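Here the structure is laid out as structure tokens; the discussion comes afterwards.
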There are 2 protein chains.
Amino acid sequence: MIERDGVEGLSMRKVSAEVGLAPTAVYWHLGGRDELLNAVLDEVLGELPPIRATGRTSRARIGSIVRSARRDFLEGMPVLLLANEVGRGDELSYRTQLALAEELGRAGLDGHEAADVLRALLFVVGGFVMIEEQYRTGEADDFATAGRWADGAAAEVPPALRAAMARPPDADALFAFTLDRLLDAVLPPD
Amino acid sequence: MIERDGVEGLSMRKVSAEVGLAPTAVYWHLGGRDELLNAVLDEVLGELPPIRATGRTSRARIGSIVRSARRDFLEGMPVLLLANEVGRGDELSYRTQLALAEELGRAGLDGHEAADVLRALLFVVGGFVMIEEQYRTGEADDFATAGRWADGAAAEVPPALRAAMARPPDADALFAFTLDRLLDAVLPPD
DNA sequence: ACCTGAACACCGTTCAAGT
DNA sequence: ACCTGAACACCGTTCAAGT
């Protein structure tokens, strides 16, 4: 039901109808909507497959973890939104945190700095995914600022940049670009 | 009302009561909830002050724009959530886009690559802000994975990193770290 | 132990009717 | 042109009552 209509599309009354009970029966079993959502999330979290890095260099392996985290989040958006709604978003990323920590250790990073790198990567993934979801959810005219860039405004801006901003962003390419540059700046050389 | 209770705390019936009319009167004037929200957003967008960069080097100026964008978003979270709800999140960042474009041009970037850099910075800011909001909204036990890091699990991970991950993240420091590294990798030298 | 029905306090929205 | 009242189809939740 959450997969189909999102978290906000799940109602106690619909759930109980699907199960063939009165709405109030669910309250006896679980307590309320919040408890139901948490119970669903518990179930989902228990079934997540382990994360495996691919690649030879540790940079490649770290990149593969981050990329697959993004893919997993994008494919399981309803679950991510559910986790965020009940305030347990970080639990969903725990497996990724572990895999990254292991690989960052192998890359020679440790302590405070390694934690910063790990979290920077995680925040960037999470941020991209949530913004991409905003774009996906919106209508066709969602990319409203494109028109303004195409118009003659912004005289101080170089025209080639203006033209590039008038085209909608390619989220995949933008993510690859950002991740690449960030890894450049954040991993030890070699 | 949105400032106080968030977008989801605004209801047609409360609004109309505040104004001293029947709920249905609002429908005659505006059309519905969606139109009301868009009208509010229009008003807010019209009153935004211009963005001014500070600093001598173009790197400093770009950094200042990005930092003040984050500050503005964090201070005006209800407005950001409103803009996202009605699918106009990018309009809220248009002033920042303009300021960045101008400054990136001055830094010698143009065209496709400049657009990538601009959007990478924007996505990172937006992503951080939205994730920080998730943390702010949650309960005290929200940082649930801290406990797991403190526990003995994750044997493959260096202990100093494990200890660092057991402490909750400092969003300000993490953002400064991420922005600094990203600017290193993304701006032309000098 | 498990379930129901009635009830309360909410929603967004439509529409015929009033002035 | 502007507003109201009644109504419809929803919510989450509580609680006394049933078996």
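Because the structure is predicted, anything quoted here is derived from the model rather than measured.
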*Assess whether one donor atom and one acceptor atom, taken from the side chain of Thr24(B) and the base of dG5(D), lie less than 3.5 Å apart.*
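Such a pair exists between side chain and base.
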
_Taking 4.0 Å as the cut-off, does a side-chain nitrogen or oxygen of His29(A) come that near to OP1 or OP2 on dC3(C)?_
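It does, given that an N or O in the side chain of His29(A) lies less than 4.0 Å from OP1 or OP2 of dC3(C).
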
In plain terms, say whether [X] and [Y] are close enough for a salt bridge, that is, a side-chain N and a carboxylate O under 4.0 Å apart.
{"X": "Arg67(B)", "Y": "Asp172(B)", "answer": "no"}
{"X": "Glu75(A)", "Y": "Arg71(A)", "answer": "no"}
{"X": "Arg106(B)", "Y": "Glu156(A)", "answer": "no"}

How many whole angstroms separate atom [atom1] of [X] from atom [atom2] of [N]?
{"X": "Tyr27(A)", "N": "dG5(C)", "atom1": "OH", "atom2": "P", "result": "16 Å"}
{"X": "Glu8(B)", "N": "dC10(C)", "atom1": "CD", "atom2": "C1'", "result": "15 Å"}
{"X": "Arg33(B)", "N": "dC10(D)", "atom1": "CZ", "atom2": "C1'", "result": "15 Å"}
{"X": "Asp34(B)", "N": "dT13(C)", "atom1": "CG", "atom2": "P", "result": "8 Å"}
{"X": "Trp28(A)", "N": "dC3(C)", "atom1": "CH2", "atom2": "P", "result": "7 Å"}
{"X": "Leu30(A)", "N": "dC3(C)", "atom1": "CG", "atom2": "C1'", "result": "14 Å"}
{"X": "Asp5(A)", "N": "dC10(D)", "atom1": "CG", "atom2": "P", "result": "13 Å"}
{"X": "Met12(A)", "N": "dC8(C)", "atom1": "CE", "atom2": "C1'", "result": "18 Å"}

*Met165(A) side, atom CE; Asp116(B) side, atom CG - distance, nearest 0.5 Å*: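 If I round to the nearest 0.5 Å, the distance is 10.0 Å.
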
*With C1' as the reference atom in both, quote the distance from dC2(C) to dA17(D) in angstrom, rounded to an integer.*
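Approximately 13 Å lies between the C1' atom of dC2(C) and that of dA17(D).
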
_Suppose you measure atom P in dA9(D) against the same atom in dC10(C); what distance do you get, rounded to whole Å?_
22 Å

*Checking all strands, does Leu36(B) fall into the base, sugar-phosphate, or nothing category for heavy-atom contacts under 4.0 angstrom?*
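Nothing, no nucleic acid heavy atom in range.
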
_Sugar-phosphate only, base, or nothing, as touched by Arg13(B) at under 4.0 Å among non-hydrogen atoms_ =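 Base contact.
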
*Looking at Asp110(A) and Pro158(B), what are the two nearest heavy atoms and their distance?*
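Between these two residues, the closest heavy atoms are OD1-CB, 3.3 Å.
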
_Secondary structure string for DNA chain D (Watson-Crick or G-U under 3.5 angstrom, | for other-strand pairs)_ = ||.|||||...|||||.||

*Counting side-chain heavy atoms from CB outward, which of dT4(D), dT13(C), dG12(D) is closest to Ala22(B)?*
dT4(D)

*Fit a plane to each ring of Phe123(B) and Tyr135(A), take the angle between them on a 0 to 90° scale, and name the class: parallel (under 30°), tilted (30 to 60°) or perpendicular (over 60°).*
parallel

*Considering the options Arg95(B), Glu91(B), Gln97(B), which one meets the side chain to side chain donor-acceptor pair (under 3.5 Å) requirement together with Ser93(B)?*
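When side chain to side chain donor-acceptor pair (under 3.5 Å) is applied between Ser93(B) and each of Arg95(B), Glu91(B), Gln97(B), only Gln97(B) qualifies.
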
